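Report on the structure given below.
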Amino acid sequence: QVQLVESGGGLVQAGVSLRLSCAASGGTFSNYAVGWFRQAPGKEREFVAAIGRSGVGTTYANSMKGRFTISRDNAKNTVYLQMNSLKPEDTAVYYCAARGSSMYITRKNDDDYWGQGSQVTVSS
């Protein structure tokens, strides 16, 4: 059983950067692929970025490429999401998910482990 806790969100102005963290406990973290998703009010949860178990491989939603960077530190059991040049449309609750798989997590799956989410609000 893996527990995930997101942190690092907040209220920021457009154009600035934020780094979210997803801290894991309760499992061998390097056995889990991790993905970031976000959900804006009234919208479905959407894929943001994913990283493989070793951290070598990553993939992004097209709209996030170039602005967001996912990384992980398995020694710290943590995955990060660096978000640059934030826009008001990035406002959402950001969630991380983990799966004991070699495959990227790019689709929401209720069987995965999920954190409680971290609110990011970007003002114009």
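All values below were derived from every heavy atom in this structure, side-chain atoms included, with hydrogens, water molecules and symmetry-related copies excluded. Here the structure is a predicted model, which means the values were calculated and not measured.
- Side-chain contact check for Arg107 and Asn109: no donor-acceptor pair (N or O, by modelled atom type) lies under 3.5 Å.
- For Lys108, the side-chain hydrogen bond (donor to acceptor under 3.5 Å, both in side chains) criterion is met by Asp110, not counting sequence neighbours.
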### Task
Dump the intermediate steps for salt bridge (Lys or Arg N to Asp or Glu O under 4.0 Å) on Arg99 and Asp111, then the final yes or no.
CA-CA 8 Å; Arg99 182 186 304 165; Asp111 291 334; over 6 Å; no
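- Because its NZ or CZ atom is both nearer than 6.0 Å to the ring centre of Tyr80 and within 45° of the ring axis, Arg19 counts as a cation-pi partner of that residue.
- For the 3.5 Å distance criterion, the side chains of Ser17 and Asn84 qualify, holding a donor opposite an acceptor.
- Contacts of Ser25 classified as side chain to side chain contact (heavy atoms under 4.5 Å, CB included), with partners at least two apart in sequence or in another chain: Gln3.
- A search for ring pair (Phe, Tyr, Trp, His ring centres under 6.0 Å) contacts involving Tyr95 returns nothing, not counting sequence neighbours.
- Using a 4.5 Å heavy-atom cutoff, the side chains of Ser21 and Ser7 are in contact.
- With a 4.5 Å cut-off between side-chain heavy atoms of Ile, Leu, Val, Met, Phe, Trp and Tyr, the cluster of Phe68 takes in Val12, Val16, Leu18, Leu20, Phe29, Val34, Trp36, Val48, Ile51, Tyr60, Met64, Ile70, Val79, Leu81, Met83, Leu86, Tyr94, Val120, Val122.
- Counting heavy atoms from C-beta outward, Arg67 and Asp90 have side chains that approach closer than 4.5 Å.
- Remark: the Gln119 side chain and the Thr121 side chain contain an N/O donor-acceptor pair separated by less than 3.5 Å.
- Counting only residues at least two apart or in different chains, disulfide (SG to SG under 2.5 Å) contacts with residues 65-124 comprise Cys22-Cys96.
- Taking Ile, Leu, Val, Met, Phe, Trp and Tyr as hydrophobic and joining them when side-chain heavy atoms fall under 4.5 Å apart, one finds Leu4 in a cluster with Val2, Tyr32, Tyr113.
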